[in-house]
Amino acid sequence: MPIPDDRNQQLRLVEAILFASADPVPEEALQARFGEGVQVRELLLDLQALYEHRGVNLSAMGGRWAFRTAPDLGEHLRSETEVTAKLSRAAIETLAIIAYHQPVTRAEIESIRGVATSKGTLDILMEAGWIKPGRRRETPGRPVTWVSTPHFLDHFGLESLRDLPGVEDLRAAGLLDSRSGMGPLAPVALPAEAEPEPAEG
Amino acid sequence: MPIPDDRNQQLRLVEAILFASADPVPEEALQARFGEGVQVRELLLDLQALYEHRGVNLSAMGGRWAFRTAPDLGEHLRSETEVTAKLSRAAIETLAIIAYHQPVTRAEIESIRGVATSKGTLDILMEAGWIKPGRRRETPGRPVTWVSTPHFLDHFGLESLRDLPGVEDLRAAGLLDSRSGMGPLAPVALPAEAEPEPAEG
Amino acid sequence: MADPLSPDPFDQPVRDGTPEVVADAPLLLAIDGYEGPIDLLLTLARDQKVDLTRVSILQLADQYLSFVETAKRLRLELAADYLVMAAWLAYLKSRLLLPEPETEEPSGEELAAALAFQLQRLEAMQGVAARLLARPRLGRDVFARGAPEDMPVLEKRIHEVSLYDLLKAYGEHKQRQMKQGPLTIAATELYSIEDAVARVEAMLGKLPSWTKLSSFLPAGWRSGGVKTRSALASTFVATLELAKAGRLEIRQEGAFGPIFLRTPQSQEGGT
């Protein structure tokens, strides 16, 4: 794609490149991109002046350029910072089982999953606000059951628990592979899969 | 941190918040942040006007706001190495049917396309984050319906579902009515599922 | 239901030898290119080069039937769906050409209108799908901030889990569960004779001419292997059952030759 001749277009392009780039962009990389006929430094300085008093500034750090939110706004921006973390597979599966089988006790979750549930898993899900303790089961030991919360529905954009797709829907949607013709015979001979329990995140 | 009274400062803060976020920010979240005394919508519209002819634009998608590079610069920004996964024809058509007819059941999608939905259609669209299960249809069998997501609007740069290309013409022509084509005589070998219901959203 | 409109090629003396060489690869490919009979019909309708609201359904039926005839002559395997559609179009054609009987059923015109609507709707969806895809797309034409400053300022999002992740986790769990346990007797994925009887029965009366047994296999069971063999075996047993009951005629030209079926021509009263 040839670089536009029009200076305003060049300015727009620099702006877009800097915005979309994941890392600060070295000036010489921009210069190489635009070719010798273009004064990249001047474009950058113009852009910097344009953004000087704005909520976003263009800053140069060791010959690399990037947009950053204005430093004086930092205190307004950082108020509710949370670190996003990936949920472990065990936690996602546990959450799914609570969603589909609730109210369900921890022992039932373990029996469904076939592995022990570490204490941390339920804690993490509770901390995220997705599950909460429900009624106690009226059986010996009166174990606590777990249910999903309204926030769970909210987070996953569901109107109600009844909208969770059933097993047949999952299969039809391709989220559950159906077995091959001779499938039922083969896996029986295999040793039961050892369930890897990833470390809780 | 209290929100600044000065309008220019408010504008800068909105700008910084939207700039910092990769995902579109819901307008009501901004409103909640700024409090009732601030006309967030007006700040957003001012900002949008400010960026209208720039290399970066402010767009609204389904009530969520985000800065995005200007569409006309796309060809300059696209990196040569990037490979966009090609969608199958079935997936593209299914996506369009869900977008235009939502909420729509799988049986209805099949009746429109005249073929069964193969695996790797709905799950791929869901993995891309474009569709999700909606309310179940209150008809026999309570089939799951499918609807588009906010990310669908974001991905295709649509402000709302009303902005789907040609949607008004199709509606006026009656082509979004949910009547089944050849009805009971439909020769297509589909599993007899619940009859389509009026699906006006 | 016999098709009064065209001579049944299988009623004529059996041709010996191999009449045509199956070498028409382009047509074979062309069949693969259609997403079902409706899609094929739509492609044929576009050939009429008129506004779809004014397309001639009668002409379309003829085009489709001749397409299917050609495919048959070339001995191409056509999915049952295509044959059922052919039968239905032949029926529609007769309804359109003959005086309407006084019945409660929808008239030929109404059936034709319903088909025209279905074609227009599919055409519209294919059109908007293309327009949708031609829009500037995020990550290809339009880009988000490349270096978001890690500040989920407004939403406290602690964990990045999508609904897809959740449902996939449950799907995988169910899958593992189904594979486990020596006492879990999973349903076999073999085609049952009951299913085959139901399927062949449903298609009876819609097949005016001799049709290959293999054409009756349901979609999804035709890709070879155990599944296809089981479907073939069950369908064969089903046809024997139906033939015994006089509801079907079977014909085979020689040992290991293809088996053809049709509705008995002497049958009284339509089905």
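The figures here come from the full heavy-atom set of this structure, side chains too, leaving out hydrogens, waters and symmetry mates. Within every chain, numbering begins at 1; the chains are lettered A, B, ... in the order of the sequence lines, protein sequences first and strands thereafter.
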Applying side-chain contact (heavy atoms from CB on, under 4.5 Å), run through C:Leu166 and A:Phe152 and close with a yes or a no.
-> CA-CA 11 Å; C:Leu166 185 76; A:Phe152 165 82; 3.7 Å; yes
Toward chain C: residues of residues 100-109 of chain A with heavy atoms under 4.5 Å = A:Tyr100, A:His101
Against chain C, label A:Leu164 side chain, backbone, both or neither, depending on which of its atoms sit under 4.5 Å from a heavy atom there.
-> side chain
Relative to chain C, which segment of A:Leu95 carries a heavy atom at a distance below 4.5 Å: side chain, backbone, both, or neither?
->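 Both parts, backbone and side chain.
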Go through A:Ile92 and C:Lys168 one step at a time and tell me if the side-chain contact (heavy atoms from CB on, under 4.5 Å) criterion holds.
-> CA-CA 9 Å; A:Ile92 298 175; C:Lys168 192 157 176 52; over 6 Å; no
Answer with side chain, backbone, both or neither: which region of C:Ser230 has an atom nearer than 4.5 Å to a non-hydrogen atom of chain A?
->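 For C:Ser230, there is no contact with chain A at all, as no heavy atom is under 4.5 Å.
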Step by step, work out the side-chain contact (heavy atoms from CB on, under 4.5 Å) result for C:Lys174 and A:Leu170.
-> CA-CA 10 Å; C:Lys174 276 283 166 199; A:Leu170 293 180; 5.8 Å; no
For C:Arg145 and A:Phe19, what are the C-alpha separation, side-chain angles and deciding distance, and is it a side-chain contact (heavy atoms from CB on, under 4.5 Å)?
-> CA-CA 5 Å; C:Arg145 176 82 189 273; A:Phe19 173 83; 3.7 Å; yes
Does a sphere of radius 6.0 Å around CG in A:Asp6 hold more than 12 heavy atoms from other residues, nucleotides or ligands, not counting ones at 6.0 Å or beyond?
->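 Counting other residues, nucleotides and ligands, CG of A:Asp6 exceeds 12 neighbours.
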Does atom CZ of C:Phe236 have more than 12 heavy-atom neighbours from other groups under 6.0 Å away?
-> no
Taking every heavy atom of C:Phe143 against every heavy atom of A:Ala20, the minimum-distance pair comes out as CB-CB, 3.6 Å
